[in-house]
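Read through the structure below, which is laid out as structure tokens, and then see the notes.
Atoms considered below: every heavy atom in the structure, side chains included; atoms not considered: hydrogens, waters and symmetry mates. Numbers here are sequence positions counted from 1.
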Amino acid sequence: MKTVEVTYAGLIEVKRGETPKELYSHQNEAIKALNETNKDAFEGLLVLPTGGGKTLTAVHWLLRNFINNKKKVLWIAHRHELLDQALETVRLSAYSSLVSNVSGFRYRIISGHPKHGRPVHIEPSDDIIIASKDSLNSGLDYLLKNWVGHLQEVLLVVDEAHHATAKTYRKLINAVKDNLMKRGHDNGFQMLGLTATPFRTDESEKGLLKLVFPKDIIFSEHLRNLIAKGILAEPIFENLETKIEIKKKLTAREIKNIEDFDKLPKEIAEEIAKSYERNKIIVDHYINNREKYKPLLIFAIDVIHAIALNKLFTDKKINSDYVVSSVKDLATGTTVAATDNKGKIQKFRNGELEVLINVEILTEGTDLPNVQTVFLTRPTASTILMTQMIGRALRGQKAGGTEKAYVVSFIDNWEDKINWVNPEKLHFEDDAEFIEKDIPSANRTARLISIEMIEEFARIMDESIDTTGLEKLVFLKRVPLGIYRFSILEPSEGYEPKPTNYDVLLYDDTEEAYDNFVQDLKIIFHSIDLQDREILTQVELEFLLKIAKEIYFSDYQTLLGYRDEDVKNILRFYAHKEQKPEFLAFSERRKCDLSIVARHIYDNSLGGKAEADYIKSLWNDEKSFWQVLFSYNKLYFMKQLAIEIMKIADPEIYGDDVVGSLPTVIPDTIPIEKLTLYEIKERDIVEYRKIKNAVFTKHTDAKGFITCAISGVKSQMRRDFQIDHIKPMSQGGLTTIDNLQLLTRKAHVEKTRKENTRR
């Protein structure tokens with residue numbers, strides 16, 4: 001039979017001698033902590049910041065403690081690049097100083113990538129399997145039958161462990177663990193999670209991560225300590241405002257796409273890349289700081305940008321070149337091959353090139369210890385990409401790098417406010433944005449809301465469409481209370497699924513229904529046999545949608561903003577994560593009441609220049625939400641304002657009972673607990689949901705059953721209960737936790753009937 005060689009499986013022969021990479025003190029401390037933990041079965045986390053050597057630490061430890069003792073290792077990750085990196089680290093660490101009891105060990109690497117193997121190829125003789133979690137889940141039977149089923153003990157390593165809350169990870173983890181336990185090997189399962197920032201994630205996932213890794217953090221090291229030890233360079237962040245104006249107006253949808261997918265619209269990318277003025281600023285800034293900055297690595301926008309910058313540098317007699325993917329050189333028409341890139345990168349390492357320009361191919365996996373400075377000439381909304389770009393310059397002196405590293409950002413004047421990642425804040429904080437000082441925290445929520453509302457405004461502007469019914473609504477009723485925002489891993493053209501963001505807007509009409517629906521998701525999913533699957537079939541999805549509409553959205557045809565797709569996406573998210581989506585309250589909602597603006601104009605008889613100046617001041621007020629809410633379209637704003645003024649001036653047009661000018665009224669200020677729950681919801685959605693959740697928590701037992709305070713009836717579904725005042729507000733009762741109870745709908749009706757009878 002004819003045979004061929006493959007690189008995805010084979011034998012790694014142990015080389016005699018010391019491993020060439022000596023560990024730093026923090027890595028040795030981590031190994032001591034792991035050794036102590038390994039005395040018993042464990043499931044815990046190793047936390048080291050980016051550049052701290054998580055992979056190398058884990059590999060050294062597992063080679064000495066598992067491979068060396070003829071025990072098996074399963075290493076899983078979600079991207080094939082991480083798999084390649086792990087295998088390379090294992091290969092370069094296979095020395096007798098770590099592995100003295102065996103002369104060699106077998107490896108296998110598995111993923112959906114064409115260069116990797118498949119689960120069907122797994123053999124009992126494999127000592128270390130490095131695989132993507134999706135591939136193993138699809139071939140789980142092969143893993144269990146051909147490998148795990150032959151073992152008494154296994155170490156499972158989860159790279160990028162903060163992703164392990166996903167159901168596919170948990171399915172794989174539980175399958176391996178349960179297989180060992182069913183065969184009587186109760187202490188045969190060890191699991192080590194590797195991550196840089198285990199809790200840089202949604203609040204809702206923190207508790208779930210602790211369930212996946214009950215041992216919690218075994219060892220962690222802070223970024224600052226690694227900088228102080230010289231392992232990582234001290235980053236010096238500099239911002240240079242180019243004063244270049246990006247004049248093209250982006251729609252709210254385009255802005256959202258930029259922030260979600262980190263891809264500039266083609267025409268804007270070309271405008272920035274071809275801007276001679278901007279490129280000259282970049283090159284001149286380097287020349288003016290040449291001794292401080294060199295050697296320099298530049299992250300360019302695209303190939304056009306890389307070529308344009310390179311020409312300016314070479315014109316200034318600076319040894320410069322660029323590396324890109326295998327594409328045609330736009331200057332010569334010849335193809336730039338990957339081998340050419342390797343030669344250029346080596347020249348940069350050797351000091352033959354002073355400046356190397358690249359387009360996203362040097363973000364990870366390439367060792368460039370001599371980099372002193374990185375220029376970020378492309379804005380990014382991706383924290384992952386920004387972390388990788390910064391990381392190229394952070395090799396410290398002890399790691400063959402520099403004491404200090406410069407990270408220079410070139411910031412353009414974007415007319416549209418986009419949440420670009422701030423490298424300095426990202427390095428030391430969470431949720432970083434370049435322009436956070438200009439955008440209130442609620443602005444992102446306002447922008448998401450505007451995407452939906454702008455379609456509504458467009459219909460109002462279309463005179464061929466009758467929108468009288470829409471216009472009659474109180475304006476604030478059309479502004480959502482908040483948003484469910486979540487991400488679902490969707491199939492992509494590549495080999496790994498890509499996260500796709502979804503937003504579901506909640507209005508006055510739908511907030512209660514959606515809240516009950518989301519809180520009851522666990523119960524709803526009991527009606528199907530999903531087992532360990534993350535993906536709902538189309539039949540299951542339609543079935544669950546039907547249940548949701550019947551129970552929670554029976555009047556969906558009249559509900560403002562209701563869409564079947566929103567309910568489906570929440571169902572798909574829950575199937576994927578077994579978690580409730582995160583709710584983002586639009587806490588500044590009352591500042592978006594256009595009827596108040598209209599009343600001010602009408603009552604003060606503003607007209608002509610006075611009215612124009614007032615409207616202009618509102619529109620240009622950076623602290624307001626008007627531009628964001630109306631997607632920077634002043635015409636929509638003016639049209640809607642005119643409608644609100646007309647409602648006051650001539651209420652008969654819309655059938656309202658609104659009267660014209662009214663006497664001035666100065667309202668009282670009262671404690672919020674004197675308001676009804678509905679009134680609290682109108683004024684402060686965050687406080688309303690906090691009160692409601694506290695009441696439900698008070699009446700819910702450890703098994704998740706909610707009890708009616710009067711009848712004692714129990715149910716696990718929120719929609720079966722209503723919040724009631726123990727002492728009625730008509731008798732001075734307040735909306736406080738201790739004066740609120742839960743009643744079934746039937747008990748609530750009966751209580752109300754008795755109270756009315758007594759009165």
Side-chain angles (χ1 to χ4, degrees), residues 21 24 49-53 55-56 81 85 88 196 223 226-227 229-240 282-283 285-301 305-306 309-310 312-314 316 318-325 338 340-380 382-410 421 423-424 426-428:
K21 285 207 173 184
Y24 298 112
T50 302
T55 303
L56 184 63
E81 296 95 343
Q85 179 184 324
E88 182 71 359
L223 175 72
L226 297 187
I227 293 173
K229 292 176 180 178
I231 297 166
L232 295 181
E234 176 73 46
I236 300 173
F237 295 95
E238 298 177 355
N239 293 336
L240 183 68
I282 294 168
V283 174
H285 185 67
Y286 175 72
I287 291 172
N288 293 335
N289 298 274
R290 190 171 180 180
E291 291 307 312
K292 180 174 77 169
Y293 284 160
K294 68 179 182 182
L296 169 68
L297 178 65
I298 298 179
F299 289 92
I301 291 172
H305 193 211
L309 282 173
N310 187 57
L312 285 178
F313 274 113
T314 54
K316 296 286 186 179
I318 291 174
N319 288 334
S320 167
D321 212 331
Y322 61 92
V323 288
V324 296
S325 301
D340 297 332
N341 288 339
K342 287 182 180 178
K344 294 174 182 179
I345 292 169
Q346 191 57 50
K347 281 186 176 181
F348 184 63
R349 282 199 191 102
N350 297 341
E352 298 172 52
L353 291 178
E354 185 176 332
V355 176
L356 186 62
I357 308 162
N358 90 101
V359 183
E360 287 190 23
I361 71 168
L362 296 179
T363 53
E364 60 182 359
T366 305
D367 192 19
L368 297 171
N370 59 321
V371 172
Q372 174 72 35
T373 306
V374 292
F375 273 14
L376 308 177
T377 70
R378 59 150 295 172
T380 180
S382 167
T383 56
I384 293 174
L385 180 58
M386 180 61 78
T387 300
Q388 291 169 341
M389 291 192 295
I390 296 172
R392 291 303 90 206
L394 294 188
R395 178 74 73 87
Q397 282 182 310
K398 287 187 179 178
T402 58
E403 180 184 0
K404 296 179 180 179
Y406 296 93
V407 179
V408 185
S409 300
F410 293 84
V421 177
E424 182 171 9
L426 174 65
H427 201 60
F428 298 111

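Between the side chain of N289 and the main chain of H285, a donor-acceptor pair closer than 3.5 Å is present. The backbone N or O of K344 sits nowhere less than 3.5 Å from a side-chain atom of E352 that would complete a donor-acceptor pair.
Side-chain contact between N239 and S409: present, with at least one pair of heavy atoms (C-beta onward) separated by less than 4.5 Å. In this structure, the side chains of E354 and F313 stay at 4.5 Å or more apart for every pair of heavy atoms. With a 4.5 Å cut-off on side-chain heavy atoms, I345 and N358 do not count as touching. Residues F348 and V371 meet the side-chain proximity criterion, which asks for heavy atoms closer than 4.5 Å. The closest side-chain heavy-atom distance from Y406 to K292 is below 4.5 Å. In this structure the side chain of Y286 never reaches within 4.5 angstrom of the side chain of I298, judged on heavy atoms. Contact annotation: the side chain of L309 never approaches that of S320 to less than 4.5 Å [non-hydrogen atoms, C-beta and beyond]. Under the 4.5 Å side-chain criterion, counting only non-hydrogen atoms from C-beta, N319 is not in contact with K347.
For G52 against L226, the heavy-atom pair with the smallest separation is CA-CD1, 3.7 Å. The heavy-atom pair separating V359 from A306 by the smallest distance is CG2-CB, 3.9 Å.
For the atom pair CD1 of I282 and CG of L376, the computed distance is 10.5 Å after rounding to the nearest 0.5 Å. Atom NZ of K21 sits about 6.0 Å away from atom CG of L56, to the nearest 0.5 Å. The distance from atom NZ of K294 to atom CD of Q372, rounded to the nearest 0.5 Å, is 11.0 Å.
Applying side chain to side chain contact (heavy atoms under 4.5 Å, CB included) to K404 and the options I236, I227, T373 leaves one that passes, I236.
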Legend entry - Audit row: V355, F375, side chain to side chain contact (heavy atoms under 4.5 Å, CB included) steps and yes/no: CA-CA 10 Å; V355 176; F375 273 14; over 6 Å; no
